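For ligands, and for the atoms within them, numbers begin at 1 and follow the listed sequence. Note that the structure is a prediction, hence the values are computed from the model and not measured.
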Amino acid sequence: MRAMEIIDIGCNLTHDSFDSDRDRVMDLAREAGVVQMIVTGASEDGSRIALELARLHRGELFATAGVHPHRAAGFNDASEALLKQLSGEDEVVAVGETGLDYFRDLSPRDVQRDVFLRQLNIGIESGLPVFLHMRDAHSDFHAILREVRDQLSDVVVHCFTGSREELHDYLELDCHIGITGWICDERRGTHMRDFLQEIPADRVMIETDSPYLKPRDLRPRVKSHRNEPRWLPWILNSLAEARGEDPEILAVQTTENARRFFRIPAL
Ligand SMILES: [Zn+2]
């Protein structure tokens with residue numbers, strides 16, 4: 001039997017917490033069955049470095065190009081030009097991370113909305129799928145997305161943390177849903193376990209969002225707070241359990257979804 005092959009669709013591998021041991025982190029991920037990863041671009045520099053990293057590991061790593069809503073206040077015409085340029089590169093497989101985050105409100109909300117729409121337009125022009133972030137901003141996020149949905153190709157709401165109603169709003173817009181270790185957090189994520197099985201099999205993907213969101217129930221316990229792509233099987237298993245599915249079948253399905261969504265060949 002072939003070993004399990006899974007894809008981490010959201011890994012912030014450019015984060016400086018990986019600077020001292022990035023190769024080792026990748027080795028451990030491979031050993032855990034993580035065969036490919038999409039490296040999230042969340043800032044101008046981060047998107048550039050994600051592309052460089054993807055070029056160093058062709059076929060295994062891919063990059064997105066975007067500016068996170070936290071950084072929307074610094075977004076200008078030069079940012080837009082850079083993202084347009086990056087979105088034309090072979091290793092860049094999606095526009096984003098972009099979206100709205102009203103939980104931390106690190107940029108003014110009207111600026112977040114404007115910068116979100118500008119990046120959605122890059123998705124429209126390039127034809128690339130978009131990688132979206134939404135936290136505590138469903139109503140505005142959904143309204144903006146709905147307006148342009150027909151012009152976009154594929155859409156993933158990454159690290160989905162919302163309610164059943166919000167989930168169905170996104171599914172109605174034919175969005176894909178990215179699931180992280182948030183569902184492993186008994187303080188705030190277990191509400192989702194009741195409706196995770198309502199995500200159609202061909203719309204669900206998995207991600208760690210490393211180095212953030214280490215699964216809180218990870219066993220054996222690991223001292224470091226840093227999340228790593230090697231914990232992706234833990235998230236897969238939690239999701240499979242909540243959906244009442246065989247993890248191996250879910251692995252095959254989510255990998256197939258990720259390759260179709262990001263248009264990447266098997267390694
Ligand atoms: Zn995010």
| Sequence-distant partners of Arg135, side chain to side chain contact (heavy atoms under 4.5 Å, CB included), two or more places apart |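 Listed in chain order: Asp101, Phe103, His133, Trp182, Arg188.
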
| query | Mind checking what makes side chain to side chain contact (heavy atoms under 4.5 Å, CB included) contact with Ser107, not counting sequence neighbours? | reply | Ala72, Ala73, Gln112

| query | Hey, would you say the Phe195 and His168 ring centroids sit under 6.0 Å apart? | reply |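 Phe195 vs His168: aromatic centres not under 6.0 Å.
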
| From the Zn ion (ligand 1), how many protein N/O/S atoms are found at a distance short of 2.8 Å? | 3

| task | Flag the pair Glu228 and Lys214 as a salt bridge only when some basic side-chain nitrogen lies within less than 4.0 angstrom of an acidic carboxylate oxygen. | result |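 A salt bridge is absent here (no side-chain N lies under 4.0 Å from a carboxylate O).
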
| field | For Phe141, ring-ring contact (aromatic ring centres under 6.0 Å, His included) partners two or more places apart | value | Phe116, Tyr170

| query | Side chain of Gln36, backbone of Pro265: donor and acceptor closer than 3.5 Å? | reply |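 Yes, the answer is positive, given that a donor and an acceptor are paired below the 3.5 Å cut-off.
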
